[in-house]
Colleague: 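Take this structure, written in structure tokens, and hold onto it; I'll ask about it next.
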There are 2 protein chains.
Amino acid sequence: MSVRLRPIQALRLWQEVGLSMVRRHAVDLTQRQMVILLTIYLEPPPHTVRGLAAKLGVTKPVITRALDAMGELDLVSRRRDPADRRNVIIQRTVRGSLFLDEFSDRVVEAAGALSP
Amino acid sequence: MSVRLRPIQALRLWQEVGLSMVRRHAVDLTQRQMVILLTIYLEPPPHTVRGLAAKLGVTKPVITRALDAMGELDLVSRRRDPADRRNVIIQRTVRGSLFLDEFSDRVVEAAGALSP
DNA sequence: CCCGATCGTTTCACATCCGTATCATCTTTC
DNA sequence: GAAAGATGATACGGATGTGAAACGATCGGG
């Protein structure tokens, strides 16, 4: 049950969603931060810094700093892996779940309103 | 002919598209810049700085600087309005059209690949 | 003609993000 | 146990975005 979308509809969808985010002065995440957040919430744990860095094709400091920023916003949390204390396990938070719920609702709504 | 999308599909779509952008080390536009670019290409001209600022609910310098950045990348161009030389008319470019064409293709492809 | 209004840009101080290199800590191997 | 490897965090220098305020250029009504 794939989703059929035409190019012009894709552009309008992105514009509409982006516009609603900008106008609300909502939480303004970088594209990378958003991808990291989505990966944490969509893919099976455990998530580590090096795993995310490899998946995104970026360096580890990028992940660390993105987690710093999103941790400050309480969108994700970190704790040491007790089994291997070098690892950091990245975890979801209530606020992060809520944020993505609202975001997805906005996308669904915008998609439903696409006209042509 | 609206597009029916479930919340989980919306999140996966955003993740997939964002991931492909990040991995390609592609042009990295701010959310605001992307919205501005989409507005210029999707809505009927003429586009002015104040018009875009009002539509997005941001200050004019934000638009000016976004246009600076995207103009540097040759995604948009500016010229003075000959009728009222205070105005600046923002125009599309070949490179900007190409960029959005490729972007929309990526979105369409990701949407078609959504499984559940 | 001139003075207020409009439009886009610039300035300033500040914050954030990036990539590279380096660091401290922890684990594994010999 | 000591050395090598792995892991995440930090330091540094540079680039870029932001909001608020002020600026120069241009238009238009009296």
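A, B, ... follow the sequence lines: proteins, then strands. Residue 1 opens every chain.
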Colleague: Work out which heavy atom in A:S20 is nearest to a heavy atom in A:R106; give both atom names and the distance.
Modeller: OG-CD, 2.8 Å
Colleague: So which nucleotide from C:dT9, D:dG17, C:dC18 ends up closest to the side chain of B:V88?
Modeller: C:dT9
Colleague: What's the CD-C1' distance between B:E72 and D:dG17, to the nearest Å?
Modeller: 15 Å
Colleague: Between C:dC18, D:dG19, D:dT7, which nucleotide gets closest to the side-chain atoms of B:T59?
Modeller: D:dG19
Colleague: If each of A:T64 and B:K60 is mapped to the nucleotide of DNA chain D with the nearest heavy atom, which maps nearer the 5' terminus, i.e. the 5' end?
Modeller: A:T64
Colleague: Once you apply a heavy-atom cut-off of 4.0 Å, does B:V58 come out as touching a base, just sugar-phosphate, or nothing?
Modeller: nothing
Colleague: Can you tell which of D:dG8, C:dG8, C:dC18 lies closest to the side chain of A:V49?
Modeller: D:dG8
Colleague: How many whole angstroms separate atom CG of A:L67 from atom P of D:dG8?
Modeller: 10 Å
Colleague: How close or far is atom C1' of C:dT9 from atom CG of B:N87, stated in whole angstroms?
Modeller: 14 Å
Colleague: May I have the distance from A:L52 (atom CG) to D:dA9 (atom P), rounded to whole angstrom?
Modeller: 11 Å
Colleague: Would you say A:R65 reaches C:dG19's phosphate, i.e. side-chain N/O to OP1/OP2 under 4.0 Å?
Modeller: no
Colleague: At less than 4.0 Å, is any side-chain N or O atom of A:R80 found next to OP1 or OP2 of D:dT7? Yes or no.
Modeller: no
Colleague: Reckon B:R50 has a side-chain N or O less than 4.0 Å from the OP1 or OP2 of C:dG8?
Modeller: yes
Colleague: Under 4.5 Å between side-chain heavy atoms, counting indirect links through other Ile/Leu/Val/Met/Phe/Trp/Tyr residues: same cluster for A:L42 and A:L37 or not?
Modeller: yes
Colleague: Heavy atoms only: give me the nearest A:P82-A:R79 pair and the separation to one decimal.
Modeller: CD-NH1, 3.5 Å
Colleague: Output the rounded distance in Å from CG (A:D68) to C1' (C:dA15).
Modeller: 15 Å
Colleague: Round to a whole Å and report the spacing from CD1 of B:I63 to C1' of C:dT6.
Modeller: 17 Å
Colleague: Take a 6.0 Å sphere around CZ of A:R85 and say whether it holds more than 12 heavy atoms from other residues, nucleotides or ligands.
Modeller: no
Colleague: To the nearest 0.5 angstrom, please state how far the CD1 atom of B:I40 sits from the CG atom of B:L67.
Modeller: 5.5 Å
Colleague: Of the non-hydrogen atoms in A:M34 and A:L29, which two are nearest, and what is the gap between them?
Modeller: SD-CD1, 4.1 Å
Colleague: To the nearest Å, how far apart are A:R78 CZ and D:dT7 C1'?
Modeller: 13 Å
Colleague: For A:E109, does the CD atom sit with more than 12 other heavy atoms under 6.0 Å from it, leaving out its own atoms?
Modeller: no
Colleague: List, with names and distances, any nitrogen or oxygen atoms from the protein found under 3.5 Å away from nitrogen or oxygen atoms belonging to nucleotides 21-30 of chain C.
Modeller:
from	atom 1	to	atom 2	distance (Å)
C:dT27	OP1	A:R85	N	3.3

Colleague: Take atom CD1 of B:I89 and atom P of C:dG8, then tell me their distance rounded to the nearest Å.
Modeller: 8 Å
Colleague: Looking only at side-chain N and O atoms, does A:Q33 come under 4.0 Å of OP1 or OP2 in C:dT16?
Modeller: no
